[in-house]
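In the text below, chain A, chain B and the rest are named by the order of the sequence lines, each starting its count at 1.
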There are 2 protein chains.
Amino acid sequence: MVRTIERLPKRERHQLLTSLIEDNPFITDQELTRQLKVSIQTVRLDRLELGIPELRERMKLMAERSYDPVRSLPLHEIIGDIVDMQLDHSGISIFEIKEEHVFSRTGIARGHHVFAQANSLAVAVINDEIALTATADIRFVRQVKLGEKCIAKAYVRSISGGRSKAKVEVFSYVSDEMVFQGSFVIYRSAGESVIEGGMEGADRN
Amino acid sequence: MVRTIERLPKRERHQLLTSLIEDNPFITDQELTRQLKVSIQTVRLDRLELGIPELRERMKLMAERSYDPVRSLPLHEIIGDIVDMQLDHSGISIFEIKEEHVFSRTGIARGHHVFAQANSLAVAVINDEIALTATADIRFVRQVKLGEKCIAKAYVRSISGGRSKAKVEVFSYVSDEMVFQGSFVIYRSAGESVIEGGMEGADRN
DNA sequence: TCAGCTATTATAACCAGGTACTAACAGTAT
DNA sequence: ATACTGTTAGTACCTGGTTATAATAGCTGA
């Protein structure tokens, strides 16, 4: 038969359908019919097989996610992904600079995102129920730009003051080049009452 | 007639309807009918009068808002609301600590939010096309807790280094009590090329 | 007292964007 | 031939509405 050139095998069509919906969740089956050049039933069978819900369900899920005040914020716990962690000793996290972290005009990351990565890592590396940043001495060595991956390394330098203070140094790199350096003093509660003057609490079990 | 006790005058019903939808945007007219004890037609006329779109439109709007990568993030430009601004001299912003800024267990604000307010204010107060944080020396004096309003005051202390550097001090208060203090060095471009070592760019016209 | 008004309710037709099911047909494999 | 896969078609039904038209109740002013 004159198998039209357009027609894809099922597997490929499934992939295409998935990616079409992924980068436009607001697309209707009608539209998909047009783009995939198959009948609307096929589109629906495909969605069924792939477990992709109907348009309205997709919108509802998105709306619900954005309505949840906790999940809707990216800066909840630790900023960046932990890739290595030795409590009370050192830790490493990676944080990719995306559109939402930069100034649109310049493509340069806003400083507080780089700070947030370093700060949350410094707090996380302290093995204690509650850890709070007391002071920080930071330096932005060079700009970090859109798309760059920022690797923060934290080292616990000392635990002093009757175990109530720790000094943590954090260095952030973009491929071997240092972009940020910070020296943090973290207060820690040794299971006791909250220490005055801090700013961070770490939820940990 | 036995005007049922439940029935509200139109005005009050409108208010109630508005607030019902406000704190549960996922409610259907059917549900509203039950809660307001009027017919579904009345509910719909009310929505029409009040310009409240149907459930699906409401969900769509929410989904679209959360899908827009720019609008979906609260930390885009300046953190906190500017209440006073004298460029190259001083500025004040207010930032309310909400659920999303604190550790759930302790109710204490994460440090980088307080830092972000101070940092973005320090950058904003510099009257230049591009302003970048070079270094910061900061101190969290005491914790800031859920619900507290953080008032940051920035003062430009000096403009030196051939107009390419500015020193800005920021003090943050919760009702007269200082909670944060920071000393920032901001690089500025006097309309020239970008200076190395900075981290912030300010979009301004 | 009665027309005129607003507010409310009822009824029906219609819509988008589906689900669920049943059937038919083409091509391919066994 | 038979069975199986993939695709298309058609129908009934669903939710959560819209739009339009009409009927009813209650109050108001002259």
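A side-chain donor-acceptor contact under 3.5 Å links B/R58 to the backbone of B/P53.
Listed pair B/R44 / C/dT9 fails the phosphate criterion, with no side-chain N or O lying under 4.0 Å from OP1 or OP2. Distances shorter than 4.0 Å separate some side-chain N or O of B/R47 from OP1 or OP2 on D/dT18. Close to D/dT8, at under 4.0 Å from its OP1 or OP2, lies a side-chain N or O of A/T42. The phosphate of C/dT19 (OP1 or OP2) has no side-chain N or O of A/R56 nearer than 4.0 angstrom. Close to D/dT7, at under 4.0 Å from its OP1 or OP2, lies no side-chain N or O of A/S39.
The number of heavy-atom neighbours closer than 6.0 Å to CD of A/Q15, taken from other residues, nucleotides and ligands shown, is 12 or below.
One atom, CZ of B/F26, and another, C1' of D/dT15, lie 17 Å apart when rounded to the nearest Å. In this structure, the CD atom of B/E57 is 18 Å from the P atom of C/dC15, given to the nearest Å. A/D46 has its CG atom 12 Å from the P atom of C/dT19, to the nearest Å. Across the protein-nucleic acid pair, B/Q41 atom CD and C/dT6 atom P stand 20 Å apart, rounded to whole Å. Separating the CZ atom of B/R58 from the C1' atom of D/dG17 is a distance of 11 Å, rounded to the nearest angstrom. If you take CD of B/E12 and C1' of C/dA7, they are 15 Å apart, rounded to a whole angstrom. B/M59 places its CE atom 13 Å from the P atom of C/dG17, with the value rounded to the nearest Å. Between A/R34 atom CZ and C/dG17 atom P the separation is 13 Å, expressed in whole Å.
Here C/dG17 is the nucleotide among C/dG17, D/dT7, D/dG17 with the atom lying nearest to any side-chain atom of A/L55. Checking D/dT7, D/dT8, C/dT8 against every side-chain atom of A/V38, the shortest atom distance belongs to D/dT8.
Heavy atoms of B/I40 sit nowhere under 4.0 angstrom from any nucleic acid atom. Within 4.0 Å of A/E54, counting heavy atoms only, lie sugar-phosphate atoms of the nucleic acid but no base atom.
In this structure, A/H101 and A/H113 have perpendicular ring planes: the angle between them is above 60°, well past the 30° mark.
Judged by a 6.0 Å distance limit and a 45° cone about the ring axis, B/K153 is positioned over the six-membered ring of B/Y173.
Between B/L48 and A/K10, the residue whose closest nucleotide on DNA chain D is further toward the 5' end is A/K10.
Counting only heavy atoms from C-beta outward, the side chains of A/T133 and A/I186 approach each other to under 4.5 Å.
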